[in-house]
Each structure stands twice: as structure tokens, then as C-alpha cells.
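It should be emphasised that the depicted structure is a prediction, and the values quoted were computed from it without experimental measurement. We use all heavy atoms of the structure for the numbers below, so side chains are in, but hydrogens, waters and symmetry mates are not.
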Amino acid sequence: MSQTALSAQINARIEGLPVVGWQARVRLLLGVITFFEAFDLLLISFTLPLLKQQWQLDPTQVGLIVGSGTFGMLLGALCAGALADRVGRKPVLLAAMLLTGLFSALIACASDWQGLLVGRLLQGLGIGAEVPIAALYLSEIITSKVRGRFVLLYELSFPCGLMFAGVACTWALPVMGWRPLYWLGSVPIVLAVAVYLYVPESARWLAARGQLRRAQACMAYMERASGHAVATPLLTEAPVARPRDSGRWRQLFDPVLRHASGSVGLLWFLGYLVNFALLIWLPSLYVEVFSTSLAQALNFTLWSNIAGLGGCMAAAWWVDRIGRVRLLFGGYLGAGLSLLLIALTVVWQQVLLVALLAASCSFFLYAANMSLHLYTPELYPTLLRGKGAAWGALCNRSGALLGAVGMGWVLALHWGATAIFILLGGLLLLASAIALQARETRGQVLA
């Protein structure tokens, strides 16, 4: 039996699975985990004002703390992508969950800013690894007919986690302080047990690696769990020639994939540069530029998170109807125009109007950025899919790091708010133009 024939058999059996409860249960479990990953990610934004006051942090220390988590996520995503193609999706997911939960607990015990810095860096390794690999895994267990909606409904867990972080911090910070929130962020340690027991390895990956018996066993488990008759193997169980290694990093930039990798990399970079610039610094901008109270700034930021969740829901509804490229184009265009409108109105000091436009930006930006988690794995074959997701995450975290740290530099240069919003809006308009040149993948069966 050839490796290609084995992969074709497994892919055909996955395409024939009904979309029923088992896939939804796996999606729910991974969604709960990603919910807490997002919660852990955004905690620093809401707890930073309190930490600055408690430990008398200067701008350099704040920048290091903010940047350390993003740098950790970058490293985590790179390592996870290579490992997911070499050792499998499930071991990487388990390791990521344990890292996130363990070091969230370490942050809760931190006695100084250096401990927080180390905890954020190592926690970031787990967050950076879990999010792209979970989306990749879900795309490999579902039929192409509904893959867009299925994966993006899972992705809703991320903005839900961000929104919950805002709600929890707004309520709990004044009452309980910041440490209990980081203890709550250690929940992924417990959830890792459920993943170990109930989530099988990706049958597509096993087939692509030539692991016949494990691929057939995982496929049979999926079919039984889906209430579907276990298919009789269409091919004989002769030995399969196993590949010597997974795909090479340089293959992402072979002539066939060069344009796709370049386009999706730029979209990740630009989308998350603006996203993190707003995510981390918007509460401070409300306080420093518009003279709001911290409580009011947090409430306005919560509006943006709620609007972002609405954008993600809209994306999940429309992605299989209008396709990936149109969704990316419309999302970045709408977000960019919202920021340019803020730039035009900021001189009026109408903070309510600014908050509404910021919420509009989040609606469109979250919809587009979330869609990249679906779109990127669809561009690559199975043995390159982890590295493709890692490439997207590298560009994602590079943009996020520049957005988080670079905004601190821009504010230190005393740029006006108008110039800042023009810059960020212009970057999103550039992203919308790049999206128009991307390749559509709607309805494509994974290779």
C-alpha cells in the first residue's frame, strides 16, 4: 500500500463522517481550553495598572513584561508547529495545556516583577502552542463541507475568554486583587486529563506518516463515536513506506506555496500588530488621552471585546457562504475605516463616539483575524500543516510583539492620538488589499 493511497482512504472516510455529537464534544473541550488560554493572555492588560502601582514599575519594566508573553507565544508556536508535524497533534496540545496552567499558577505566586516576567514568558510558550494546533486538529477531523463554520465556532471561545477576562477583572480586581485571577488561569492543567483520555490523534496525520495500524484504529474510533458504521479498510494491510521525516520548513516557500505563505504571513502580521496595539494600550489611551477613570476605561474596553465576539459569530455564519477571501477583505477594510474615523473625530474629545468606533473596529478585526486560524491550515498539505500554522503564528506573534511594545515607543515619542489611529487604520487598509490577492480555499478537501 502506498502512503498516498492510505492518506486518500483516511481522507475519504473522514469526508464521509456525519457531523454529529462526537466532533461537537471534542470542539467543546478544546474550546473550553482555548477560553482559558485567552483569559490568561488578556489578564496582563487588565491587571497591569494595579501591578504598576503595587511594584512601582517604570515604562521599561512594563514593556518587558508585556513583550515577554508575546515573545513566549512566538517561540511556543514555532516549536509546536515543528513538533506537531513530527510527533503528532495530541502530544503538543497536552504539553501546551500543562505549560499554560503551571505557569499561570507561578505568576499567582510571584513576589516581584521579575517573577511575573519569567512566568509570562513561560506561560506564553503554552498559549502560543495550543491555539494554532487546536484549530489545525479540528480542521483535520471534520468534512470540508462544514469545516469553516465548525472551526470558527470553536474559535469563538477565544473572544469569549477575552470578554470573560474583562468581566472578571472589572468585578474581581477591586474586591480580591490580582492573584486569584491567575490561579483561575491554571484550569488547563485539569482539562489536560480529559484531552488525554477522550481526544484521539489525528488520523490524517497518522496516515501521512505511514502509521497504518494507528491511523485505522483512530479512524475506527472516530466512526464509532460518530455513530457511523466502521468502514472496512479499502486497501490491504501491506506494509506502508513511512516517510523519513515530516515536511521541511523551506517547502513553505517552494514555488507552489510561496505566494500563499507570503500573503497569509502578511495578513497575520498586520492584523495582529493592530489588534495587540489596541488590546494592550486602549485602556491606557482612554485614561491618558480622554481623561476617563480606570473603571470607565475598562468598561469601554469591554464594549470592544463584546463587539469582537459579535464579529466572530458573524464570521462563523458567513465563512462557508461567502468564502475566506471575501471575509478577510471585508473584515480588514471595515476595521481600517473605523480607525480612520476615530482619527477624524478624536479632536472633538467625544469619548463615547470613540468607544463606539473602537467597538466597530473590533467587530471587523476579530472576524478577519479569527478566520486566519481556519484559512492558514487549509493552504498546506498534512505533513506541512503544523509548520504552516507555525509560520502564521510566527507572523502573528511578531506583529503582536511589535504592536504591544511599539505602541509604548510611539507613546513615549508623544505622537498625538490622531496620528496613531491613522497609522493603525492605514495598516489595516493595506491588509485588505493583500487579502484580495489571496487564494480561496472554501470547500477544498485537505490534502
Side-chain angles (χ1 to χ4, degrees), residues 19 23-24 27-28 30-31 34-35 38 42 131-132 134-135 138-139 142 144-167 264 267-268 270-272 274-276 278-279 282 300-342 355-378 392 396 424-425 427-429 431-436 438 440-444:
V19 183
Q23 292 99 326
R27 180 178 63 189
L28 177 62
L30 296 184
T34 300
F35 174 93
L42 195 56
V131 175
L138 289 173
S139 72
I142 195 71
S144 60
K145 298 181 182 67
V146 296
R147 186 172 60 238
R149 183 170 71 250
F150 182 86
V151 174
L152 290 194
L153 284 174
Y154 149 77
E155 291 288 348
L156 287 176
S157 60
F158 199 83
C160 284
L162 298 179
M163 186 175 67
F164 178 70
V167 172
V264 80
L267 292 177
W268 278 111
L270 294 171
Y272 276 81
V274 176
N275 193 13
F276 269 69
L278 296 174
L279 197 64
L282 194 57
F300 285 150
T301 305
L302 182 58
W303 290 10
S304 292
N305 291 335
I306 294 171
L309 177 60
C312 294
M313 294 173 67
W317 178 258
W318 285 104
V319 68
D320 284 325
R321 291 171 169 81
I322 66 173
R324 286 56 162 156
V325 169
R326 289 181 180 177
L327 181 58
L328 290 167
F329 168 73
Y332 289 127
L333 179 64
L337 292 177
S338 297
L339 291 182
L340 293 180
L341 286 174
I342 292 178
L356 290 172
L357 288 171
S360 171
C361 173
S362 293
F363 177 89
F364 290 106
L365 184 58
Y366 278 50
N369 282 349
M370 186 182 76
S371 301
L372 290 173
H373 289 280
L374 162 71
Y375 179 61
T376 303
E378 293 178 334
N396 167 337
L424 297 179
L427 291 175
L428 291 181
L429 293 185
S432 69
I434 294 170
L436 280 179
E440 181 57 67
T441 57
R442 178 177 52 167
Q444 171 185 297

Handout entry: Results of salt bridge (charged side-chain N to carboxylate O under 4.0 Å, His left out) for Glu155 - residues two or more places apart only
Key = none

Fill in the blank from the handout: Scanning both residues in full, the closest heavy-atom pair of Val146 with Ile142 reads CG2-CG1, 4.0 Å

Exercise for the section: Write down the atom of Ser144, the atom of Gly443, and the distance for their closest heavy-atom approach. Expected result: OG-O, 3.8 Å

Problem - Side-chain heavy atoms of Val151 within contact of His373, under 4.5 Å - result: no

Practice task
Using the six-membered ring wherever Trp is involved, compare the ring planes of Tyr272 and Phe276 and label them parallel, tilted or perpendicular (cut-offs 30° and 60°).
Solution key: tilted

Exercise for the section: Determine whether Leu309 and Tyr366 make a side-chain contact, defined as any pair of heavy atoms from C-beta on separated by less than 4.5 Å. Expected result: no

Exercise for the section: Apply side chain to side chain contact (heavy atoms under 4.5 Å, CB included) to the pair Leu42 and Asn305, showing each step before the final yes or no. Expected result: CA-CA 11 Å; Leu42 195 56; Asn305 291 335; 4.0 Å; yes

Handout entry: Nearest-0.5 Å distance, CG of residue Leu153 to CH2 of residue Trp317
Key = 10.0 Å

Handout entry: Close side-chain approach of Leu282 and Ser304, heavy atoms under 4.5 Å
Key = yes

Completion exercise
Separation between CG (Asn275) and CG (Leu365), nearest 0.5 Å, reads 4.5 Å

Practice task
Would you mind reporting whether Cys312 and Leu152 have side-chain heavy atoms less than 4.5 Å apart?
Solution key: no

Exercise for the section: Indicate yes or no: at least one non-hydrogen side-chain atom of Leu270 is less than 4.5 angstrom from one of Ile434. Expected result: yes

Practice task
Kindly give the heavy-atom pair with the smallest separation between Gly271 and Leu428, and that separation in Å.
Solution key: CA-CD2, 4.4 Å

Exercise for the section: Please check if the side chain of Thr34 supplies one atom and the backbone of Gly31 the other of a donor-acceptor pair under 3.5 Å. Expected result: no

Handout entry: Shortest non-hydrogen contact between Phe150 and Gln23, atoms and distance
Key = CZ-O, 3.5 Å

Handout entry: Taking every non-hydrogen atom, the tightest pair across Leu156 and Met313
Key = CD2-N, 3.4 Å

Handout entry: Whether Phe35 and Phe164 hold their rings parallel, tilted or perpendicular, with breakpoints at 30° and 60°
Key = tilted

Completion exercise
Paired with Glu378, the side chain to side chain donor-acceptor pair (under 3.5 Å) test is passed by just one of Arg442, Arg324, Gln444, namely Arg324

Tell me which donor-acceptor pairs under 3.5 Å the side chains of residues 326-340 have, and how far apart each pair is, sequence neighbours excluded?
unit_1 : atom_1 : unit_2 : atom_2 : d
Tyr332 : OH     : Asn369 : OD1    : 2.8
Ser338 : OG     : Gly334 : O      : 2.9
Ser338 : OG     : Ser360 : OG     : 2.8

Practice task
Measure the shortest side-chain to side-chain distance between Met370 and Phe158 over non-hydrogen atoms and say whether it is less than 4.5 angstrom.
Solution key: no

Exercise for the section: Could you pull out the closest heavy-atom pair between Cys361 and Leu278, with the gap in Å? Expected result: SG-CD1, 3.9 Å

